[in-house]
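Contents: one structure, followed by commentary.
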2 protein chains.
Amino acid sequence: MYTFTEENYLKAIYHLSENTKKGAATNAIAERLNTKAASVTDMLKKLSDKKLLVYKKYQGVNLTDLGKTVAIKTVRKHRLWEVFLVNKLEFGWEEVHEIAEQLEHIQSTKLTDKLDEFLAFPKYDPHGDPIPNKDLVFPNRTDQTLTECSLNDIVIVKGVKDTSADFLNYLKKLNLGLGEELEILEKEDYDNSMKVKINGGSLLNLSHQVCANLFVITK
Amino acid sequence: MYTFTEENYLKAIYHLSENTKKGAATNAIAERLNTKAASVTDMLKKLSDKKLLVYKKYQGVNLTDLGKTVAIKTVRKHRLWEVFLVNKLEFGWEEVHEIAEQLEHIQSTKLTDKLDEFLAFPKYDPHGDPIPNKDLVFPNRTDQTLTECSLNDIVIVKGVKDTSADFLNYLKKLNLGLGEELEILEKEDYDNSMKVKINGGSLLNLSHQVCANLFVITK
DNA sequence: TGTAATATTTAGATTTGCCTAAATTTAAAC
DNA sequence: GTTTAAATTTAGGCAAATCTAAATATTACA
Ligand SMILES: [Mn+2]
Ligand SMILES: [Mn+2]
Ligand SMILES: [Mn+2]
Ligand SMILES: [Mn+2]
């Protein structure tokens with residue numbers, strides 16, 4: 001449907017617009033894609049003709065709904081392949097991006113969805129970035145557990161996955177409740193435990209089991 | 001290293017030269033790649049410049065060792081991905097070719113080799129075609145078991161994988177020995193059993209266990 | 001062996017995506 | 001408010017891969 005290049009442009013513009021309200025700047029796109037501003041201008045006109053984005057000279061660009069859909073589909077594929085490479089093929093999380101940049105352009109919705117299923121519908125990629133589902137909906141941030149957070153993240157405890165009395169009592173014993181702020185100081189590879197700082201004060205070691213049962217939002 | 005298009009040309013020429021000794025004809029290549037003879041001629045000159053094949057006007061082409069290596073690497077990737085799609089993602093064997101045509105161009109030797117390992121170093125793809133190993137060596141034909149053969153194949157029994165007395169006695173009881181010719185009449189999806197005709201005569205039902213322990217060569 | 005049919009190559013163009021250099025617009029600084 | 005700097009766009013061109021139409025070579029066969 002769309003070319004390799006078109007998908008890369010749309011994904012770059014999508015990421016550049018993620019935080020800011022303003023349209024993506026020509027120079028910023030060029031830098032992200034390791035190309036020249038003049039090439040970007042050429043391409044923006046073509047993508048505009050195809051109704052994938054709205055372009056006004058000198059004003060930067062914004063994706064249309066169609067453009068956003070294509071971009072998010074590409075992000076979905078990219079992140080699913082990264083999960084595959086790390087979880088199934090035992091790649092390191094630092095070496096998968098490059099390969100996923102290629103795999104994200106494979107055209108087959110069925111493949112993407114079967115891969116998603118094979119991976120047990122992961123919500124986050126190896127870098128902690130959220131993976132949109134088949135309907136292109138991103139996971140609710142409150143679905144994220146502490147396990148899925150990255151080193152140095154600062155998060156707020158929003159809920160528990162395990163609602164057993166045992167778990168809740170243990171949390172009380174740790175002085176760990178809803179609304180607490182946690183800073184991830186260490187992630188131990190050996191047993192997936194974490195060292196965290198609570199409310200900028202005391203330190204705590206949390207086992208993998210605890211981390212996996214705490215819903216948090218990233219600050 | 002090589003483009004999508006270059007790999008496709010080399011693979012096509014490789015397959016066309018597989019049986020015949022003669023070089024691949026321009027028209028045959030064009031047909032295989034759904035393109036025009038004139039485009040093929042253009043491309044052959046470029047591939048010749050890159051020492052991937054030997055081209056003499058009007059004489060057809062033959063791959064150089066380098067060209068053959070690139071072609072076989074591509075075949076390896078294609079067939080490994082097909083195994084992945086069928087064995088891991090549960091695609092039907094009839095729907096994987098198209099997707100593998102895309103996946104075969106992903107550039108990463110490490111990925112290919114890790115995928116190979118993840119799939120437990122398969123020797124044949126879902127269509128029964130042999131998969132070259134990391135060193136680009138094709139499996140010895142005598143490594144092929146009856147299980148890996150396709151419907152209507154006619155094969156010769158060349159050996160047994162299970163050398164237990166139990167198995168050999170059972171074979172004797174079935175009147176099935178080395179040198180016998182088997183025609184595969186049916187492959188039962190339910191239990192992977194096969195109905196075969198022995199030496200053009202009597203019919204036999206062989207369980208999956210039996211098939212998986214018979215080394216054969218395709219006639 | 002000469003002619004017709006077939007295969008192949010050349011010529012001239014097109015599309016996609018990219019580049020450099022020059023011109024133009026917008027934003028920043030004085 | 002000019003002037004200057006930065007961002008962006010235009011102009012002109014190039015390489016890869018393709019196409020159609022025309023020219024040439026090979027092969028088939030009368
Ligand atoms: Mn990535
Ligand atoms: Mn990622
Ligand atoms: Mn195939
Ligand atoms: Mn195959």
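Letters A, B, ... mirror the listed sequences (proteins, then strands); counts begin at 1. Atom set for the values below is all heavy atoms of this structure, side chains included, hydrogens, waters and symmetry mates excluded.
- When rounded to the nearest whole Å, the span between CG of A/N34 and P of C/dC18 equals 11 Å.
- Just one of B/T109, B/T112, B/D116, B/D113 meets the side chain to side chain donor-acceptor pair (under 3.5 Å) condition when paired with B/K134; it is B/D113.
- Here D/dT8 is the nucleotide among C/dT9, D/dC19, D/dT8 with the atom lying nearest to any side-chain atom of A/A25.
- Here D/dT8 is the nucleotide among D/dT8, C/dC18, C/dT10 with the atom lying nearest to any side-chain atom of A/N27.
- Nearest nucleotide to the B/T41 side chain, out of D/dT9, C/dT10, C/dT20: C/dT10.
- Partner of B/H105 under the side chain to side chain donor-acceptor pair (under 3.5 Å) criterion, chosen from B/H78, B/E7, B/K77: B/E7.
- Side-chain proximity of A/Y55 to C/dT10, D/dT9, C/dT16: nearest is D/dT9.
- Remark: C1' of C/dG17 and CZ of A/F4 are 13 Å apart, rounded to the nearest angstrom.
- Between the C1' atom of C/dA11 and the NZ atom of B/K36 lies a distance of 17 Å, rounded to the nearest Å.
- Contact of the A/L119 side chain with the A/K88 side chain is registered, since non-hydrogen atoms from C-beta on lie closer than 4.5 Å.
- Remark: B/T3 is in phosphate contact with D/dA17, judged by side-chain N or O atoms under 4.0 Å from OP1 or OP2.
- Rounded to an integer number of Å, the gap from B/Y2 OH to D/dA16 P is 15 Å.
- Closest to the side chain of A/M43, from the set D/dT18, C/dC19, C/dG17, is C/dG17.
- Between the NZ atom of B/K45 and the C1' atom of D/dA16 there is a distance of 15 Å, given to the nearest Å.
- Counting any heavy atom pair closer than 4.0 Å across all strands shown, A/T5 reaches sugar-phosphate atoms only and no base atom.
- What separates NZ of B/K50 from P of D/dA15 is a distance of 13 Å, to the nearest Å.
- For A/Y58 against C/dT24, a side-chain N or O and a base N or O form a donor-acceptor pair under 3.5 Å.
- One finds no side-chain N or O of B/S39 lying less than 4.0 angstrom from the OP1 or OP2 phosphate oxygen of D/dA17.
- Residue contacts shown for B/T26 are limited to sugar-phosphate atoms, with no base heavy atom under 4.0 Å away.
- One interatomic measurement links the two molecules: CG of A/D42 to P of D/dG13, which rounds to 15 Å at whole-angstrom precision.
- A close approach under 4.0 Å does occur between a side-chain nitrogen or oxygen of B/K57 and OP1 or OP2 of C/dT10.
- For B/F84 and A/F84, the gap between ring centers is short of 6.0 Å.
- Across the protein-nucleic acid pair, B/Y9 atom OH and D/dA17 atom P stand 9 Å apart, rounded to whole Å.
- Between the CG atom of B/L182 and the NZ atom of B/K197 there is a distance of 12.0 Å, given to the nearest 0.5 Å.
- With D/dT20, C/dT16, D/dT26 as the choices, the nucleotide that has an atom nearest any side-chain atom of A/K46 turns out to be C/dT16.
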